[in-house]
Amino acid sequence: MPKLLTGAEIVFKCLEDQKVEHIFGYPGGAVLPIYDELKNHPSIKHILVRHEQGAGHAAEGYARSSGKPGVVLVTSGPGATNVVTALTDAYMDSVPLVCISGQVPTHLIGTDAFQECDTTGITRPCTKHNWLVKDINDLSKVMHEAFRVATTGRPGPVLIDIPKDIQFAKAKYKKPNKEKKLNGKSHNKFSQDQIDELVKLLSKAKKPIIYSGGGVINSGPKASRALREFVELTGFPITSTLQGLGAYPGNDNQFLGMLGMHGTYEANNAMHDCDLLINIGARFDDRITGKIDEFSPNSKKVHIDIDPSSINKIIKVDLAIVGDVTSVISKINKTIAKRKNGHSKSNKSNIAKWWEQIEKWREKASLNFVNSDESIKPQHAVQRLYELTKNKDTYVTTEVGQHQMWAAQHYKFNKPNRWMTSGGLGTMGYGLPAAVGVQIAHPEKLVIDIAGEASVLMTMQEMSTAVQYNLPIKIFILNNQYMGMVRQWQELLHEKNYSESYSEALPDFMKMAEAYGCKGIKADNPADLDDKIQEMIDYDGPVIFDCHVDPNENCFPMIPSGKPHNQMILGPNDQQENKIKGKGKALV
Amino acid sequence: MPKSKSAYSIPTKKQKPDTYIFVVWVDNEAGVLARVVGLFSGRGYNIESLAVAEVDAVKNISRITIVTTGTPQVIDQIRLQLTKLVPVHKVAEFKREDKDVIFKEMALFKVVGKRNKIQKCLNACKKFNPVILDETKTSAVIQITALRREIDKMNKKLKPLGLISTSRTGAVAMTRGAKIFN
């Protein structure tokens, strides 16, 4: 007779077999048996957060920076509802999370018991799948299945709801099945014919562009290497979505910068004018496409994605290749290499004119801004931060808003998994807890949250977590006293009616840092900025950096809503130039 | 400056919607119908009718038949999104006009009135295999199987003849000939 284990023991057995080292959680009545069991499993370290949303975002940061699934443990009722934002965020950005929630005992389910909620009902639309375990004999199978669902195909969050009586009940533990058939859901569905067709398109293209996304990051470091090889082989220009930054080196000459609403002039114009568009692991998000009808009107479109439902969802494509980015790109590279052996002709000469055009767009220097000696410009702050940290292997998280876009524009990433930001859901308050998770995964690395003062206040309590575990995260707040992106939209679209976007009573972040037991640094003078940033980097411990920036700065360039890529608004420099030139405007 | 006061683009031209029937094979487990239906409501798809029951007790498989309308792009999305659900095994879809597929709905009509009125009702239903399930001197329950629009029509037609209550199912579907959905 094999040994019977309690539900709580089975949970940890599964976590051990899934090689989980860290879980982010918060205890409560309905998960106490699991917390009780924690002490018997020294290989698993529990990180106590201050709010369940923080646990979720921390697990996201952990997962995105390490490629391993993040594990969250919360109690029933409010514990579960608090984690919903993080689950939705992970769902939108395809981050593998396994969330274990406690539930009231099975006989009380449906009776409105204390701290009861319909957790599986609430989280059904924001998880890839969820389970309510009502039979202890199902527990080990469900746990292993949960890890498989979260990490295979397009990754995403899953949730396992375990009633308290199931945590006490006993059953046999079952090891994970190896290589179980995927319920007919295999992920590589492409053929050599499709690859050949793509290679043919590559050789014919005169104005090609590669548009890569978070799928490249999710596919692992091999995908980034394959992508770099592909870009080198073809000589094509490449642009990236917000989530894809780092898959291709940000300081490489073939990289045109980010595209989309706050993307560069050259990237967006190239997207609009190209004759071949190769989407690798991105999903034609509405922040990317602008006006659908006028999106890249004259191009053949190729879409490489692991999720068949991403294809033709928004933009009709001419060639769809469903598969894992690593496998697809490696196959393409091999095919190109083989062909080149036959005929040495490369199409690099075909696209020389295209590059000339791109260089002309580049001369616009659309990310430029008017710097100042009196006040710190937020773009300047990000640039200085980049210059002073670029020689370290730095991990950057962000909150959501103007600072996020400035970070994406001015911080150059050269490696995948170094950039963690909430793109799909756009969750203010993501960056600080995400930084906690990143630092847990990479204890020796420099981890910076580029934050806005409004966003960071949403999850500020996690500073306490950082201090407890001595995580030396740096919270670099671009403090403009406004919800900057809200203010920008109000300025541009709502006749400067700054309705409720100014923060009247901001806390003193220096005192706040002191209260949390970490270091506070304040900068409000451009002359001191470098020294202060260096002080932050050199300090061994968590830092809140209160960087007072020009409150009126807007994030440019920008595609106004409902406009195509070639109708961008550029920054103040260019707007002035246009005023002087008058008619020249029509030519832009 | 743009006129649009929204952070989102305005809807653009739309394709013409069509009626489609989806057949979905799922694990018969708690919450599976909620997942399927929630997918439709969550993504703004339409459900005109729905029929679901277990069809394989050994493998624990239920078959869901959903009638929906949508543009070809939306129909594609519905299929692909359904396929992504973990308990979904297989998804088939076809146009309502498809000649290779039979689809049927069943309706129960309760008619109250004199014999001759009830007889008139039966005659009216003749084409749709009417079966009398219950009969008294003043009432009858008539079962018919037909297409949706035929039942709609009968529903209207029988009203003046004493129809006081209608109960109907969603459509179920089956391919013609020896082949099956796959």
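Proteins get letters first, then strands, A, B, ... in listed order; numbering begins at 1 in each.
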Please give me the minimum heavy-atom distance between [X] and [Y], naming the atom from each residue.
| X | Y | answer |
| --- | --- | --- |
| B:Gln81 | A:Ser309 | NE2-OG, 3.6 Å |
| A:Arg124 | B:Arg35 | CD-CG, 3.5 Å |
| B:Val86 | A:Glu145 | CG1-OE2, 3.8 Å |

### Task
To the nearest 0.5 angstrom, please state how far the CG atom of B:Leu80 sits from the NZ atom of A:Lys313.
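It comes to 10.5 Å.
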### Message
Counting only heavy atoms from other residues, nucleotides and ligands, does the tally under 6.0 Å from NZ of B:Lys104 exceed 12?
### Response
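For B:Lys104, atom NZ is crowded (more than 12 foreign heavy atoms under 6.0 Å).
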### Query
Does A:Glu500 CD have over 12 foreign heavy atoms under 6.0 Å away?
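Atom CD in A:Glu500 is not packed in, count stays at 12 or less.
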### Message
Does any backbone or side-chain atom of A:Asn130 lie under 4.5 Å from a heavy atom of chain B? Answer side chain, backbone, both or neither.
### Response
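The answer is both parts of A:Asn130.
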### Message
Quick check on A:Ile559 against chain B: is it the side chain, the backbone, both or neither that has a heavy atom closer than 4.5 Å?
### Response
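Looking at A:Ile559, nothing touches chain B.
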#### Entry: side chain to side chain contact (heavy atoms under 4.5 Å, CB included) against A:Val322, all qualifying residues, sequence neighbours excluded
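Counting only residues at least two positions away or on another chain, A:Val322 forms a side chain to side chain contact (heavy atoms under 4.5 Å, CB included) with A:Lys189, A:Pro308, A:Ile311.
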### Query
Among B:Ala34, B:Gly31, B:Gly42, which residue forms the greatest number of heavy-atom pairs with chain A at distances under 4.5 Å?
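With the most close heavy-atom pairs to chain A, the winner is B:Ala34.
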### Query
Does any non-hydrogen side-chain atom of B:Lys84 lie less than 4.5 Å from one of A:Arg154?
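A side-chain contact under 4.5 Å exists here.
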